[in-house]
Amino acid sequence: MGKVVYVDLDECTGCGTCEELCPEVFKVDEETEKAVVIKPEGADCVEESIDTCPDEAISWQEE
Ligand code: SF4
């Protein structure tokens with residue numbers, strides 16, 4: 001059991017900050033305009049994205 005990166009799509013406004021800070025893990029979907037997690041196991045830059053997301057949409061979830 002590990003932790004995976006989770007984006008709450010009800011909260012995400014697609015601002016793109018997470019993708020800018022951490023493109024390895026996040027990508028904003030052009031159609032839905034919501035962030036998609038492309039690397040669920042995360043990377044060092046995830047913490048900064050969690051702290052910076054204006055909608056507090058990013059968190060770690062237990063698998
Ligand atoms: S920083 Fe937050 S609100 Fe902005 S795209 Fe990423 S998850 Fe969505």
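Quick caveat, the model's predicted, so the values are computed rather than measured. Quick note: residue numbers are just sequence positions, from 1. Whatever order the structure lists ligands and atoms in, that order sets their numbers, starting from 1.
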Which protein non-hydrogen atom lies closest to atom 4 (Fe) of ligand 1, naming both residue and atom, and how far is it?
-> Cys15 SG, 2.3 Å
For atom 6 (Fe) of ligand 1, closest protein heavy-atom neighbour | Cys18 SG, 2.3 Å
Is the backbone N or O of Lys3 less than 3.5 Å from a side-chain atom of Glu62, with the two atoms forming a donor-acceptor pair by type?
-> no
Among protein heavy atoms, which lies nearest atom 7 (S) of ligand 1, and at what distance?
-> Ile58 CG1, 3.7 Å
Around Glu41, counting heavy atoms of other residues, nucleotides and ligands shown, do more than 12 lie under 6.0 Å from its CD?
-> yes
Would you mind listing which atoms of ligand 1 come within a distance below 4.0 Å of any non-hydrogen atom of Gly14?
-> 5 (S), 8 (Fe)
Heavy-atom check, side chain of Val7 versus side chain of Val36, under 4.5 Å | no
Would you say the SG of Cys12 sits less than 2.5 Å from the SG of Cys53?
-> no
Ligand 1 atoms in contact with Gly16 (distance to a heavy atom under 4.0 Å) = 4 (Fe), 5 (S)
Specify whether an N/O/S atom of Cys12 falls short of 2.8 Å from atom 4 (Fe) of ligand 1.
-> no
For atom CD of Glu30, decide whether the heavy atoms of other residues, nucleotides or ligands shown that lie under 6.0 angstrom number more than 12.
-> no
Counting only heavy atoms not in Asp44, do more than 12 fall under 6.0 Å of its CG?
-> no
Considering only non-hydrogen protein atoms, determine which one is nearest to atom 3 (S) of ligand 1 and report residue, atom name and distance to 0.1 Å.
-> Asp55 OD2, 3.3 Å
Among all protein heavy atoms, pick the one closest to atom 2 (Fe) of ligand 1 and tell me residue, atom and distance.
-> Cys53 SG, 2.3 Å
